[in-house]
Every structure is written in structure tokens, then in C-alpha cells.
Amino acid sequence: MKKRQFLLTMGMIVLTAMASWGQTLNIGGHRAPLDTLNNTWLCSIPQSLFGGDFTATVTHDDAITALSIDGVDVPSGEPFEFAGIEGGKQYMVTAQMGDTTFEGCITFTWLPIVELSGTFGNSYTQGYVTVSEPDSAFAEPLFAKVKWRGGATNSSGRHKRNYHIKFLNEEDTTKENHRFFGLRNDNSWLLDAGQIDFLRVRNRICSDLWLDMARKPWYADSIANVRNGSRGQMVEVLLNGAYVGIYNMCEPIDRKQLKLQRYDLDERGRATIHGVLWKASTRTGSVNMSNPLEKMGSGIVWDGYELKYPEYDEIRAYHWRSLCNAVWFARRADANYALRDSMNYYFDVPVMMDYYIFIISLQALDNECCNIYYSVQDFRKNTRLTMTPWDLDISLGQNYSPTVDLPDMVSPERYPEKWISHVPMCDMYEVKWYYNEMVERYRELRKTYLNTDSMVNRFRVAINELEMTGAAAREEARWSGDSDLAGKELDLSNEMDYVEDWIRRRMAYLDENVFIDRLDGDVNGDREVNIADVNCLIDVILGVVEPSNFRGRAYVNDDYEVNIADVNAVIDIIVGK
């Protein structure tokens with residue numbers, strides 16, 4: 001009883017503050033919270049209303065004794081015509097409450113608006129979250145617990161924070177599901193700030209591209225609604241009444257998305273684990289699978305990996321063997337029959353192939369080893385690992401940090417082997433069987449989702465939407481010059497021009513230099529077959545260099561050994577046999 005009374009009392013305090021005069025207007029059934037940073041009521045309405053006049057009933061708090069919009073008195077509950085709705089257009093407001101006069105404005109957006117109310121930090125604290133969708137009725141605050149999230153973006157001194165929201169029933173604080181934007185009905189939602197992304201939409205648009213282009217996990221034919229990625233919606237966010245900008249409100253990667261088999265509990269409460277989910281978070285020899293720990297993981301972490309499901313605190317049990325076995329296989333296997341015949345036992349190769357093409361196309365520098373979720377649907381039936389990308393901000397020419405300026409690192413003409421160190425993907429590239437299939441898959445995708453104009457258009461459409469709703473200008477005004485961006489200017493239009501040029505150069509480079517047919521006998525990869533290739537083979541035979549330096553091209557006669565037979569094969573090609 002005391003706990004419930006405390007929660008209700010806290011709720012009344014927060015709601016009273018939110019409902020104070022002028023904090024919220026009701027415009028045509030749509031909630032319009034006040035951005036106290038800019039003295040602007042921001043209202044989300046359907047996109048179809050833009051470009052025309054919008055006549056709407058305006059309702060406000062009884063404590064306001066007078067309200068005028070653009071010089072016209074508007075009693076509460078009376079209609080007002082907002083002429084020529086456009087993104088960024090402001091309608092001037094004067095509100096009178098007793099002896100206090102408030103001056104501000106009203107503006108409209110067709111992006112959803114999310115209000116966070118509470119004091120948040122690295123641990124979950126309770127508060128309220130209000131999600132106003134443009135096509136929905138007046139939104140009410142929802143009880144939730146909220147915390148900051150992220151790695152480097154959550155370090156000391158950061159300003160535009162990421163948030164993890166878990167909605168709760170206010171009566172007993174149990175989980176409570178909510179559906180937004182036509183996405184899933186769940187209690188767990190994320191707000192991604194795009195804190196160091198100078199385009200702000202890289203993560204959202206790249207995630208959508210992955211969902212469109214990637215093949216489904218191997219088990220999707222037998223289990224419905226498998227989703228190997230995160231869906232979301234760009235929104236505008238207010239924190240305790242102050243505008244904090246554009247966010248990507250999205251679903252997390254979890255058991256429910258991937259349709260992993262839930263654990264069982266017996267009558268004594270002991271768990272039988274089936275589906276497992278891990279995340280690669282820190283660069284280590286185990287994470288890139290080149291020099292892993294020999295000892296198997298225990299608890300919730302193992303040398304750069306985190307156990308995400310099942311939650312150890314719930315069942316006090318864990319499973320690492322499926323992941324560790326795959327990592328150890330990758331470490332010990334060479335480009336030989338073991339890779340050809342056993343890779344698909346440990347890894348979901350079609351998904352991994354699409355993942356490789358995906359990160360190479362985007363040059364997603366922070367996703368070739370880290371920011372990968374690995375999952376096993378039910379290890380008691382099949383231990384094959386599926387890969388899911390996460391946090392794609394560092395892509396398409398974006399540096400790791402606003403303080404970093406390394407043009408060679410983000411150049412669209414950068415060759416993959418200069419930054420790819422994930423051993424199974426490198427091995428897959430070396431095996432002729434897989435390589436040829438990968439090139440064919442890349443060319444297939446180039447006709448659809450990886451078509452250059454299609455890729456550019458995805459980003460253009462997103463940025464145009466932000467500009468046409470006025471959100472781009474609000475974001476730039478809020479964050480340009482902030483220390484999160486190392487004091488640099490935020491200009492979404494200029495960044496979009498940079499990204500378009502980057503994409504066009506990148507895809508042309510990949511077509512000509514990376515995803516190309518291999519010429520039999522071209523050991524050194526210069527696209528010619530001559531005595532230089534013979535010399536390369538002799539260096540391998542003498543142990544001067546490793547066969548892996550030639551990415552599978554040294555196995556000329558396809559027996560996965562390098563010896564005099566390969567030299568003879570190249571000579572035969574040179575002399576025209």
C-alpha cells in the first residue's frame with residue numbers, strides 16, 4: 001500500500017507540473033506540448049494537412065484568462081484557422097494568466113512527438129513518457145522506467161543522450177506493452193540520439209536497408225514473423241519540456257524479434273535453455289575470432305561478448321558453448337575443405353554473406369566485429385549462428401568521432417581488407433565456392449536495394465522529410481556547435497550532399513575493384529596472369545608469405561593446397577593450354 005501510494009503521489013506531482021497553465025494545448029484533438037527552450041508549442045498533425053489551411057478547436061487550461069493567436073482572441077474550446085500550414089511556420093501566441101503575460105508561438109510537424117518527464121541517469125528511474133502520433137487522438141502520459149544507454153555516447157559530458165524506455169503498469173509496476181507507429185506491441189523501446197552522426201539518420205536508414213535486403217535466418221521458413229533487425233520511426237523529443245531534437249524511436253534486438261525459443265522452467269524452477277542471444281561489444285581476439293580465449297565463457301560476459309538472453313538474473317543459468325565452438329572453429333580453420341564443408345554448420349552463411357556485402361557497401365567501420373548480435377534459435381536442435389547488425393552510425397563516410405579527421409579511413413575508395421578483421425567473413429571471401437556466390441549475390445542486390453540511385457533516394461527522402469517538417473532546422477539550432485559534435489556546425493543539407501557523393505563513388509569502386517570475377521591464375525590480384533603470379537606461388541611454397549595473403553587466389557587448382565601443381569596450372573594458363 002505504501003509503495004502504491006508513493007507511486008501515485010509521484011505521479012500526481014509530475015502530472016501536475018505537466019498540466020500547469022500553458023504547458024499543453026489541445027489543437028484539433030492533437031496534443032501540443034510547450035518547448036520551454038524556445039517558447040514554442042509543437043503539435044504533430046497528419047502530413048495531409050500540410051500545404052493547406054487547418055481549422056481546429058483550441059483548448060487550453062482554465063487558468064489562462066486570455067489567449068490570442070496571430071492577434072486573434074481564441075477562447076478555450078473555440079476554433080481557429082491556421083492558414084497555410086508549413087514546416088517551420090510559426091503562429092504567434094500571447095497568453096494571459098492573472099498579471100503574467102506569456103509570449104511564444106505554435107508550429108506544426110508531421111513527425112511524432114515524444115515527451116520524457118523525470119530525472120534520468122545510468123540506472124532506471126521512474127517517470128512518464130508521452131508519445132503523440134500525428135494520426136492519433138490526444139496522447140496521455142504513460143508510466144515507465146527510463147535510463148541512459150550507449151557506450152562512448154554515454155560518457156561523461158555528453159548532452160544528447162540515448163534512452164531505454166520500459167513501460168510499466170502504474171498500479172503494480174509490472175510490464176505494460178504499448179504499440180507505436182504500427183510496429184510491435186511491447187514494453188521495451190529505445191530512443192537513439194544519433195549523437196555523433198552529422199546526418200542524424202544513418203542508423204535508422206541503414207537499419208531499414210538491412211531489413212529490406214538481407215535474407216531471413218535459416219529457420220524462418222518454419223517459424224513465422226522472424227525479424228532479423230530493428231524497425232523504428234524518426235521522432236522529435238522534449239525532455240522535461242525542453243526540445244532535445246530528432247531521435248530514432250526503435251525496437252530493440254531481442255528474443256521476440258528473432259523468435260528465439262524461450263527457456264523452460266520445471267516444477268522446481270530450474271531452467272532449460274533453448275534460444276540464446278549474445279552481443280559483441282568490445283574488440284578482442286575472441287570477438288574478431290582470430291585469437292579467442294581457450295576457456296569457455298561463464299556468467300554474462302566472455303571476452304568482449306555479452307549474454308543478452310536469457311537474462312542471467314532471471315534464471316541464474318547461461319549458455320556459451322554454441323558461440324564458443326563457432327569462434328574456435330573460425331580460429332583453427334584454414335581456407336580448405338573444412339571451411340567449404342563446415343562453415344554452414346557453425347554460421348548462417350547466407351545471412352553472413354549478406355552481412356558482409358552490407359557492411360562493405362556502407363563501409364560500416366564499427367560493425368565488422370563489434371555491434372553484432374549473434375543468436376541461436378534453439379541450440380538443442382541446431383547450433384548455427386545468425387548475425388544481426390546494430391548501431392550503424394559509423395558508416396557512409398562518418399568518422400568514429402567528431403574530433404577525428406582521417407579522410408583515408410573513411411574514403412569511399414578504401415579496400416575492405418584494410419579494415420575487415422572478422423575471421424569467418426574473411427575466410428568466406430577466400431573460399432572460391434563462397435566468393436563466386438557472394439559476387440553473384442552482390443550483383444543481384446545492385447539491381448534492387450543496392451542500386452546507387454535507390455540508396456541515395458532513401459537518404460534524400462528522409463532528409464527532405466526532416467526539412468519539410470521544420471525538424472531539420474530545429475535540430476540544427478539545438479545542437480550545432482555543441483561539444484557532442486566537437487563544436488562543429490550541424491548542417492543536414494550539406495551532409496546529405498557529402499553522403500550522396502560518397503555513395504556514388506563507393507558503389508562504383510566496389511563494382512570495379514571488389515566484387516569482381518576472379519581470373520583463374522591471377523594470384524596477386526592485379527587482373528593479369530603472368531610470371532608475377534608464378535613468383536607469388538613460389539614465395540608461398542617457400543614459406544615467405546602465407547597463402548591467406550592472396551585471399552584464396554593461391555589455390556589455383558582448387559585442391560586447397562599450394563604446391564608445384566598450382567605453379568604448373570598458372571604456367572599452363574600463361575602459355576594458353
Practice item. Verify whether one side chain among T403 and S401 offers a donor that lies under 3.5 Å from an acceptor in the other. Key: yes
Point to revise | Donor-acceptor contact present, side-chain W320 to main-chain N325, <3.5 Å | key: no
Review point. Would you call R255 and E311 a salt bridge, taking side-chain N to carboxylate O under 4.0 Å as the test?
Key: no
Review point. Does the K160 side chain pair with the main chain of I246, one donor and one acceptor, at a distance under 3.5 Å?
Key: yes
Check your understanding: Under the 3.5 angstrom rule, does the side chain of R316 hit a backbone N or O of R270 as a donor-acceptor pair?
Key -> no
**Study point:** Note: R446-D511 ion pair, threshold 4.0 Å (strictly below)
**Key:** yes
Check your understanding: D197 side chain to V201 main-chain N or O, any donor-acceptor pair under 3.5 Å?
Key -> yes
Practice item. Give a yes-or-no answer on whether the side chains of S281 and E306 include a donor-acceptor pair shorter than 3.5 Å. Key: yes
Practice item. State whether a side-chain donor-acceptor pair under 3.5 Å links R384 with S322. Key: no
Check your understanding: Going by distance alone, is a donor N or O of one side chain under 3.5 Å from an acceptor N or O of the other, for D186 and S188?
Key -> no
Practice item. Tell me, with the steps shown, if Y247 and M249 meet side chain to side chain contact (heavy atoms under 4.5 Å, CB included). Key: CA-CA 6 Å; Y247 276 73; M249 186 169 177; 5.9 Å; no
Practice item. Show your working on salt bridge (Lys or Arg N to Asp or Glu O under 4.0 Å) between R518 and D522 and close with a plain yes or no. Key: CA-CA 7 Å; R518 283 183 175 168; D522 178 22; over 6 Å; no
Point to revise | Atom NZ of K488 with >12 non-hydrogen neighbours under 6.0 angstrom | key: yes
Exercise for review: Apply the test salt bridge (Lys or Arg N to Asp or Glu O under 4.0 Å) to residues D212 and R458: give CA-CA distance (whole Å), side-chain angles for both, the deciding distance (0.1 Å), then the verdict.
Suggested key: CA-CA 12 Å; D212 287 343; R458 283 180 183 265; 2.7 Å; yes
Exercise for review: Measure across W302 and P292 and return the closest heavy-atom pair with its distance rounded to 0.1 Å.
Suggested key: CH2-CB, 4.4 Å
Exercise for review: Show your reasoning for whether ring-ring contact (aromatic ring centres under 6.0 Å, His included) applies to F167 and F180.
Suggested key: CA-CA 12 Å; F167 290 100; F180 305 109; 5.6 Å; yes
Review point. Hey, are K418 and D408 close enough for a salt bridge, meaning a charged N less than 4.0 Å from a carboxylate O?
Key: no
Check your understanding: If you measure from CZ on R443 to CZ on F515, what distance do you get to the nearest 0.5 Å?
Key -> 10.5 Å
**Study point:** Main-chain N/O of L450 paired to S454 side chain as donor or acceptor, under 3.5 Å
**Key:** no
Practice item. For E251 and R231, indicate whether the former's side chain and the latter's backbone hold a donor-acceptor pair under 3.5 Å. Key: yes
Review point. Between Q398 and R202, is any side-chain donor less than 3.5 angstrom from a side-chain acceptor?
Key: yes
Check your understanding: For the residue pair Y434 and Y356, is the inter-centroid distance of their aromatic rings smaller than 6.0 Å?
Key -> no
Exercise for review: For the pair H319 and W278, name the ring-plane relationship: parallel under 30°, tilted 30 to 60°, perpendicular over 60°.
Suggested key: tilted
**Study point:** Lys/Arg N to Asp/Glu carboxylate O, D497 vs R460, below 4.0 Å
**Key:** yes
Review point. Salt bridge or not for R380 and D264, using N-O below 4.0 Å?
Key: no
Review point. Hey, mind stepping through D453 and V456 against side chain to side chain contact (heavy atoms under 4.5 Å, CB included) and telling me if it holds?
Key: CA-CA 5 Å; D453 289 337; V456 169; 5.6 Å; no
Point to revise | Evaluation steps, side chain to side chain contact (heavy atoms under 4.5 Å, CB included), between R200 and L490 | key: CA-CA 10 Å; R200 293 315 206 210; L490 183 63; 3.9 Å; yes
Check your understanding: Quick one: CD1 on I574 to CD on E528, what's the gap to the nearest 0.5 Å?
Key -> 11.0 Å
Point to revise | Residues D303 and K295 bridged, charged N to O under 4.0 Å | key: no
**Study point:** R441/E444 salt bridge by N-O under 4.0 Å criterion
**Key:** yes
Check your understanding: Taking the side chain as C-beta and beyond, is there a heavy-atom pair between M289 and H422 under 4.5 Å?
Key -> yes
**Study point:** Donor-acceptor contact present, side-chain D348 to main-chain W218, <3.5 Å
**Key:** yes
Exercise for review: Write down the atom of F459, the atom of L199, and the distance for their closest heavy-atom approach.
Suggested key: CD2-CD2, 3.7 Å
Review point. Does NZ or CZ of R321 lie under 6.0 Å from the centre of the six-membered ring of F379, at an angle within 45° of the ring axis?
Key: no
Exercise for review: Verify, without hydrogens or angle tests, whether Q363 (side chain) and S411 (backbone) share a donor-acceptor contact under 3.5 angstrom.
Suggested key: yes
Point to revise | Any donor-acceptor pair under 3.5 Å from D393 side chain to G194 backbone | key: no
Review point. Checking side chain to side chain contact (heavy atoms under 4.5 Å, CB included) for the pair Y442/I360: CA distance, chi angles, key distance, verdict?
Key: CA-CA 11 Å; Y442 170 79; I360 294 303; over 6 Å; no
Practice item. With N154 as reference, evaluate R161, Q195, R149 under the side-chain hydrogen bond (donor to acceptor under 3.5 Å, both in side chains) test and give the passing residue. Key: R161
Check your understanding: When you measure from the side chain of Y305 to the backbone N and O of Y374, does any donor-acceptor pair fall under 3.5 Å?
Key -> no
